[in-house]
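Just below is one structure, and these are the notes that go with it.
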Amino acid sequence: MKLYLRTFSISFAALLVLSALSSYWFDPFGYFRINGWRSSSLLGDRVWGSARVRNALLLPVAEPETLVVGTSRVGFGIDVDDPAVKHHVGFGLNLGIPGASFDEMDAYTRYAIGNHPPRTLLIGLDFGEFFTTYNNAPSFLQEVAGESSSYFSLLRRFSYVLWSKDAIRNTMRIAFEEHDSSQSGTFNRAVGLEYIRKRGLHGNVLATEANMVSVWKQRSDWDSYSERLASLDKLLNDACNQGIDVRLFISPYHVRQLLLLDSMDLWSHFLSWKRRVTQIIDGRDQSSCKLTLIDFSRITLLTSESFSLADKRQDSAEWFFESSHYKHALGVKIVERLWGMESAPVDFGVELNSETIEQEILQMRNELKRYKEDHPEVADELRKLAERY
């Protein structure tokens with residue numbers, strides 16, 4: 001029995017060492033490249049990990065001047081390496097997390113501000129993260145501030161990077177696709193364009209929308225909705241108490257996304273959510289610090305460009321990859337508006353507060369009604385899509 005246990009222990013330890021050495025050589029999660037330990041790997045510039053793995057690796061070591069957080073809309077759209085953005089944010093880190101619920105975003109953000117508080121915190125808000133559930137944050141993000149450099153914490157991070165179920169699953173899922181390992185976001189343009197080449201622009205838009213409808217229906221979690229709003233309030237309070245400049249924005253929604261919400265009977269909930277978030281911001285303003293909330297989800301020329309069925313070009317849309325994710329060019333305009341630059345379009349971005357919120361809600365209702373009347377074919381296409389999935 002002792003021989004068996006000794007053999008098993010030695011074999012298991014050897015397997016872990018072999019796994020670690022293989023991971024170092026192939027660098028499947030980009031850990032060593034991201035942290036500057038190596039300049040290249042056997043497979044070149046491929047990084048096989050997901051945005052969650054990347055964030056788990058960067059958070060304990062990065063000390064950004066500006067931290068950008070949100071869902072994949074923020075991850076795709078805000079390029080902190082763009083000179084036009086960098087001019088305002090300085091050294092920035094984008095923690096856009098695809099499909100994240102607010103619980104998960106909150107965990108990453110709290111870990112970051114608890115260990116390396118940034119000068120500025122940009123929070124991109126999406127309605128879906130408050131009523132859908134997808135929480136796959138690594139367990140070490142639950143540690144209290146100040147313990148992140150302990151030996152045990154280091155082992156836990158390496159365990160997550162090298163051997164966790166999430167790491168292995170994501171490695172298998174995108175082992176043959178290039179992935180963005182920079183700090184600019186979570187989207188690799190080459191991969192996105194490949195999807196458009198395969199499906200066509202309109203087909204790619206429909207595929208993305210079908211996936212979103214499925215996610216919204218399968219992961220709806222209204223029981224946690226109010227708790228997540230309360231968590232937002234507490235996060236803002238903690239950030240304010242640390243003297244962090246907090247700027248919030250509601251990400252641009254393409255009009256097709258608004259029509260999807262309407263087709264799924266979520267439109268009134270979306271508008272009520274805006275009211276609740278505005279109330280939270282106003283409460284913070286009156287207590288401890290000045291916050292700003294800019295809404296970019298209104299229907300404008302920027303957010304209503306057409307995805308024509310007849311247009312088969314690789315990348316014909318100017319501001320959006322598809323109806324869910326906006327491009328870096330639009331992200332630049334978001335940052336310009338958040339910093340009050342005159343170069344930002346005058347009709348792009350409305351500040352929400354107690355004095356403006358009801359008028360804005362009324363305006364959005366009227367805008368969507370007019371759009372449906374003027375574009376019945378688009379409204380009908382989204383209605384059928386919502387019913388199908």
Side-chain angles (χ1 to χ4, degrees), residues 49-53 55 69-76 95-108 124-139 141 164-174 177 186-187 191-192 195 199 202-232 250-251 253-274 276-277 297 307 320-326 379-389:
S50 70
R52 287 171 174 81
V53 173
N55 291 344
V69 298
T71 62
S72 59
R73 286 190 172 101
V74 172
F76 283 31
L95 293 186
I97 308 168
S101 67
F102 185 80
D103 302 330
E104 188 174 15
M105 193 190 82
D106 186 53
Y108 282 97
L125 298 173
D126 282 308
F127 171 60
E129 67 184 321
F130 285 83
F131 88 99
T132 58
T133 295
Y134 187 89
N135 191 1
N136 203 22
S139 58
L141 291 180
S164 74
K165 180 175 67 174
D166 180 62
I168 294 172
R169 181 172 62 247
N170 282 292
T171 295
M172 297 302 295
R173 181 171 62 88
I174 55 175
E177 293 180 0
T186 62
F187 182 70
V191 175
Y195 283 135
R199 300 167 175 165
H202 189 261
N204 191 55
V205 169
L206 289 177
T208 302
E209 291 166 348
N211 178 69
M212 294 195 68
V213 171
S214 177
V215 168
W216 284 345
K217 288 184 176 180
Q218 294 177 16
R219 296 179 184 165
S220 59
D221 180 22
W222 287 105
D223 293 338
S224 301
Y225 175 71
S226 294
E227 295 177 9
R228 288 170 179 155
L229 287 168
S231 296
L232 172 63
I250 298 175
S251 283
Y253 277 65
H254 191 276
V255 66
R256 292 179 63 96
Q257 296 285 304
L258 302 182
L259 289 169
L260 267 184
L261 291 173
D262 184 52
S263 298
M264 297 177 66
D265 297 323
L266 292 172
W267 177 240
S268 61
H269 293 290
F270 175 62
L271 298 179
S272 296
W273 167 76
K274 285 190 179 186
R276 291 284 299 275
V277 172
S297 65
F307 298 105
F320 284 79
F321 292 103
E322 15 72 11
S323 62
S324 179
H325 301 100
Y326 53 92
D380 188 56
E381 180 181 46
L382 273 300
R383 179 184 57 78
K384 292 179 179 178
L385 181 69
E387 292 175 350
R388 188 181 312 129
Y389 293 91

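Computed over heavy atoms, backbone and side chain alike; hydrogens, waters and symmetry mates excluded.
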Can you tell me how far apart CG (Leu125) and CZ (Phe130) are? Round to the nearest 0.5 Å. 5.0 Å
Sole candidate of Phe320, Phe321, Tyr326 that passes ring pair (Phe, Tyr, Trp, His ring centres under 6.0 Å) when paired with His254: Phe320
For Arg276 and Tyr225, what are the C-alpha separation, side-chain angles and deciding distance, and is it a side chain to side chain contact (heavy atoms under 4.5 Å, CB included)? CA-CA 11 Å; Arg276 291 284 299 275; Tyr225 175 71; 4.1 Å; yes
Compare every heavy atom of Thr132 with every heavy atom of Arg228, then report the nearest pair and how far apart it is. NH1-O, 3.1 Å
So do Leu232 and Phe102 actually touch side chain to side chain, heavy atoms under 4.5 Å? yes
Closest approach of Gly124 to Met105 (non-hydrogen atoms, all atoms of both residues): O-SD, 4.4 Å
Minimum-distance pair of heavy atoms, taken over all atoms of Leu260 and Trp216: CB-CZ3, 4.2 Å
How many angstroms lie between atom CD of Glu129 and atom OG1 of Thr71, to the nearest 0.5 angstrom? 6.0 Å
Heavy-atom pair with the smallest gap, counting every atom of Val74 and Ser251: CG2-OG, 3.8 Å
Of all heavy-atom pairs linking Glu209 and Ser323, the shortest is OE2-OG, 2.7 Å
Taking Ser231 for its side chain and Glu227 for its backbone only, find out whether a donor-acceptor pair lies under 3.5 Å. yes
Between NZ of Lys274 and CD1 of Ile250, what distance do you get to the nearest 0.5 Å? 5.0 Å
Distance from Leu266 atom CG to Ser272 atom OG, nearest 0.5 Å? 11.0 Å
Short question: side chain of Glu381, backbone of Lys384 - any donor-acceptor pair under 3.5 Å? no
Could you tell me whether the side chain of Lys217 and the main chain of Ala386 form a donor-acceptor pair under 3.5 Å? yes
Does NZ or CZ of Arg73 come closer than 6.0 Å to the centre of the six-membered ring of Tyr253, within 45° of the ring's axis? yes
Taking the side chain as C-beta and beyond, is there a heavy-atom pair between Trp273 and Leu229 under 4.5 Å? yes
Test item: Arg256 and Leu206 side chains (from C-beta on) under 4.5 Å apart, heavy atoms: yes
Would the Phe131 and His269 ring centres measure less than 6.0 Å apart? no
When rounded to the nearest 0.5 angstrom, what is the spacing between CZ in Arg383 and CG in Asp380? 4.5 Å
Tell me the closest heavy-atom pair linking Ser297 and Phe270, and the distance in Å. OG-CZ, 3.9 Å
